J.: 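Dumping the structure here so I can ask a few things about it.
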Amino acid sequence: MKKRILITGGAGFIGSHLCDRLVAAGHEVLCVDNYFTGSKSNVFGLMDAENFELMRHDITFPLYIEVDEIFNLACPASPLHYQHDPVQTTKTSVHGAINMLGLAKRTGAKILQASTSEVYGDPQVHPQTEDYWGNVNPIGPRGCYDEGKRCAETLFFDFHRQHGINIRVARIFNTYGPRMHPNDGRVVSNFIVQALKGEPITLYGDGSQTRSFCYVDDLVSGLITLMEAPNDVIGPINLGNPAEFTIDELAQQVITMTGSSSPIETHKLPQDDPMQRCPDIGRAKTLLDWQPAIPLEDGLRRTIDYFARVI
Ligand code: NAD
Ligand code: UDP
């Protein structure tokens, strides 16, 4: 059935892929973005589509429209960007959630929150299951993002309990792919851009910290499946690829795949950088019949091809 779907942060990396998919499925898609880290160029290919509309709007302010579903993705995701204006980052997560939940309440729309593995902080449970409450430093440099996203989850569950709002909460783990901003600061884009330019690969710490990388197409399938799941499947649900790599292994793989002669240059590990991160996706497998299909090497190949074209 054709639906009116709002995607906040729709001109960003993940949001623009979600717009592509939902426009192709024939829905009426309204993309709302303040272009802080996203850009019109990410949705340029959709501008001529009759069922796509783009609107500049900051979700820390209320929005009065009519919709059936809301994907709330607006929020800078790269540590470099979310620490640039930390007060605005928390406002986007918290005021943004209040505004979008208010919109869901008024219209009766179903609403999905793009939460994050950062709610687990520097985790002491490994791999991370959804019932783990996390280990977050509330006053550190990542707090603006981590606590903002945690508070947004609280708001989603309170709106659900108090007002009966139909919610979904996805805890997204590190996702990568085409349309990441070349200067985004996240590890996959940094390493690929550095390798392609022959610049030093900036390895933070000794590279023994781990991450689990999910290709964007897999993640978008997970988000849509969660939104379409039966109404008792509200989450939180981890969405990510459980294949875990050290950051050093990622650097070596990018160097090999690009054939680069870039040297590795070590830098200080940022404060509160999580030492390990890997999703337990048992809940997503059981409740959504979802799991990622694209291994790191395939996803990196597509991402390298993309950056080779754009930089
Ligand atoms: P991104 O920075 O590319 O996209 C975020 C988008 O939100 C951008 O287009 C930005 O301009 C927009 N935005 C920011 N503040 C806004 C505001 N106040 N009003 C309106 N628009 C605003 O990041 P992304 O990787 O596409 O992440 C999308 C969502 O997924 C974010 O909520 C992020 O927290 C979450 N997430 C992403 C990852 C990941 O690895 N990519 C992991 C966990 C969670
Ligand atoms: N990282 C790195 N070099 C870079 C960027 C990041 O070694 O140029 C490391 C970073 O310290 C972290 C991991 O890569 O341990 C993932 O960082 P990213 O910013 O992509 O995401 P995070 O999972 O930390 O939010």
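Counting starts at 1 for both ligands and their atoms, in listed order. In this text the structure is predicted, and so the values were computed from the model without any measurement.
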J.: Does only the side chain of S39 get under 4.0 Å from ligand 1, or the backbone, or both, or neither? Count heavy atoms.
T.: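 The answer is neither; S39 stays 4.0 Å or more away.
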J.: At under 4.0 Å between heavy atoms, is it the side chain or the backbone of R186 that contacts ligand 1, or both, or neither?
T.: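 Just the side chain.
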J.: So which bit of N190 gets within less than 4.0 Å of ligand 2, heavy atoms only: side chain, backbone, both or neither?
T.: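 Side chain only.
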J.: Name the option, out of T37, I14, N99, T175, that contains the heavy atom nearest to atom 37 (C) of ligand 1.
T.: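 It is I14 that holds the nearest heavy atom.
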J.: Considering only heavy atoms of H57, which atoms of ligand 1 have at least one such atom less than 4.0 Å away?
T.: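 Numbered from 1, ligand 1 contributes 19 (N), 20 (C).
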J.: Can you list everything that forms a side chain to side chain contact (heavy atoms under 4.5 Å, CB included) with A24? Sequence neighbours excluded, please.
T.: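 Partners of A24 under the side chain to side chain contact (heavy atoms under 4.5 Å, CB included) test: none.
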J.: Can you check whether G12 has an N/O within less than 3.5 Å of an N/O in ligand 1?
T.: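 It does: an N or O of G12 is found under 3.5 Å from an N or O of ligand 1.
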J.: So which of F13, F173, Y145 gets nearest to atom 36 (N) of ligand 1, if we judge by its closest heavy atom?
T.: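 Nearest option to atom 36 (N) of ligand 1, by heavy atoms: Y145.
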J.: Which option wins on minimum heavy-atom distance to atom 15 (O) of ligand 2: L203, D273, N174?
T.: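 Selected option, by shortest heavy-atom distance: D273.
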J.: For a side-chain contact (heavy atoms from CB on, under 4.5 Å) with T175, tell me which candidate from F13, F213, Y215 qualifies.
T.: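 Running side-chain contact (heavy atoms from CB on, under 4.5 Å) over F13, F213, Y215 with T175 returns exactly one hit, F13.
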J.: Taking the minimum heavy-atom distance to atom 25 (O) of ligand 2, which of Q276, R186, R142 ranks first?
T.: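 Nearest option to atom 25 (O) of ligand 2, by heavy atoms: R142.
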J.: Is it true that S78 lies under 4.0 Å from ligand 2, counting heavy atoms only?
T.: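 Judged by the 4.0 Å heavy-atom criterion, S78 does not count as contacting ligand 2.
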